[in-house]
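Letters A, B, ... mirror the listed sequences (proteins, then strands); counts begin at 1.
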Amino acid sequence: MPELPEVETVRRGLERVLLGQQIVGGEVLLARSFSGVWSDLMGRMVREVGRRGKVLLIGLDQGKTALVHLRMTGQLIYQPQDGSPREGGGHPSVALIRKLPNAHTRVIWEMSSGARLFFNDQRTFGSIKLLEDTELPTEPFLAKLGPEPWDKAFSIAALHRAFQRRSRSSVKAVLLDQEVVAGIGNIYADEALFLSGIHPATPAGALSQTQIKPLIAKIREVLERGIEYGGVSARDYVNAEGLRGRMQEQLYVYGRDGMSCKLCGITLQKLRTAGRGTHVCPRCQSQP
DNA sequence: TGCCCCCTGCAG
DNA sequence: CTGCAGGGGGCA
């Protein structure tokens, strides 16, 4: 589910509460959701909470790191000791998890404060992998991951090269490729392309550097906005407190097919590009 | 470089 | 009931 802004929101939430705490217990409720030596976690202290693309990196002492990939429906929810599950105050945008653990809880960590960290994952595509720090550079997914969107390496020239290399692929497919740039998913790809006036099905090779420059700016802008608004809660996403994000209200095209374009008023369409549901404005985005 | 698939649940 | 869902690995 979560793309970079959602994962970053979870990261910030966990960083506030997890640093310095030890893992003192817990349970794996679904075996395939955890890999590594479970007992190696016991007594480990959280020294940092990082992120690369859509992957969370929970750095532990004794040279270990827990790599958490939420995939489509993963959640990491921190519940303080005595933390009564927070009620949403009646507003739908902050409705949330009532009971933990629940039917989708796959892994639980018990922390030294008495708090618990719940890894929930309805579709079970996500996972927690406990690795030695020395294994991180060769971890297959991390090793291939492209630059962060704000990295200098994500430059006009580099994106132009990626587009030329896959010139017949759709521009959306290339943006979704985590080896090109890390962290963009279906929602933010659609949003960035809308804001750039580029149709997602445009062959990547057709884009000039003149078009790529503002595209990069819009990618960064929409991801920053996503973080600012605490991520998109279109379905399952909640932050580390179990609260929904507010970015869904800011979206221009994703999930708004059949509704009118916020900029020109025409009815938004949904199509399929790169195997994914794709949302476009037929007027604001020039046809490929 | 596109598609099917992993899996579960929900809307149409 | 079928089709689809914030991802991405493995297969033509």
Side-chain angles (χ1 to χ4, degrees), chain A residues 1-11 29-33 35 51-56 67-76 97 102-106 119-129 139-146 149 162-194 200-205 219 222-223 225-227 229-239 244-258 270-279:
Chain A
M1 90 280 138
E3 306 181 27
L4 187 152
E6 289 74 34
V7 177
E8 175 62 19
T9 302
V10 172
R11 189 199 70 74
L29 299 167
L30 181 68
R32 67 170 173 272
S33 296
S35 63
R51 178 190 58 72
R52 258 302 263 134
K54 304 173 189 171
V55 179
L56 273 170
L67 190 152
V68 184
H69 202 145
L70 302 172
R71 292 291 189 102
M72 293 287 264
T73 56
Q75 305 171 327
L76 269 182
I97 308 300
N102 61 33
H104 300 138
T105 302
R106 310 304 182 193
F119 176 62
N120 292 350
D121 188 12
Q122 180 198 114
R123 293 174 71 182
T124 73
F125 294 162
S127 64
I128 300 178
K129 289 170 73 171
E139 199 285 326
F141 185 75
L142 286 182
K144 290 188 301 183
L145 212 47
F163 283 163
Q164 289 303 312
R165 201 178 324 122
R166 300 176 54 183
S167 60
R168 309 197 336 188
S169 299
S170 67
V171 58
K172 176 166 177 177
V174 180
L175 291 181
L176 289 176
D177 183 346
Q178 301 300 296
E179 299 181 30
V180 171
V181 56
I184 300 175
N186 204 37
I187 295 176
Y188 294 94
D190 282 4
E191 293 296 311
L193 288 167
F194 168 78
T202 308
I219 287 170
V222 75
L223 293 173
R225 195 165 171 79
I227 294 169
Y229 281 85
V232 173
S233 290
R235 292 182 66 85
D236 307 287
Y237 167 72
V238 293
N239 67 19
R244 293 164 59 78
R246 293 165 291 109
M247 181 63 185
Q248 59 278 9
E249 298 150 24
Q250 306 299 319
L251 300 176
Y252 286 92
V253 287
Y254 182 86
R256 298 194 71 249
D257 44 299
K270 183 171 180 182
L271 40 133
R272 189 152 284 266
T273 305
R276 317 292 300 277
T278 297
H279 310 75

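Put simply, the side chain of R276(A) and the base of dA5(C) share no donor and acceptor less than 3.5 Å apart.
The listed nucleotides are dT1(B), dC4(C), dG9(B); the one nearest the side chain of S169(A) is dT1(B). Candidate nucleotides dC4(C), dC7(B), dG8(C) were compared by shortest atom distance to the side chain of K270(A), and dC4(C) ranks first.
In this model, the phosphate group of dC7(B) is not approached by any side-chain N or O of H104(A) to a distance below 4.0 Å at OP1 or OP2. Dashed line: the shortest gap from a side-chain N or O of H69(A) to OP1 or OP2 of dG8(C) is under 4.0 Å. Contact annotation: Q122(A) side-chain N/O to dC7(B) OP1/OP2 distance is not under 4.0 Å. OP1 and OP2 of dG8(C) both lie 4.0 Å or more from every side-chain N or O belonging to R71(A). Here R123(A) does not reach the OP1 or OP2 of dC5(B): none of its side-chain N or O atoms lies under 4.0 Å away.
Nearest-nucleotide mapping onto DNA chain B: of S170(A) and A103(A), the residue sitting toward the 5' end is S170(A). For the pair R235(A) and R165(A), nearest-nucleotide mapping onto DNA chain B gives the more 5' position to R165(A).
Comparing the P positions of dG10(C) and dC7(B) gives a spacing of 15 Å, expressed to the nearest Å.
Comment: K129(A) engages E139(A) in a salt bridge, judged by a side-chain N to carboxylate O separation of less than 4.0 angstrom.
The shortest distance between side-chain heavy atoms of L271(A) and D257(A) does not fall below 4.5 Å.
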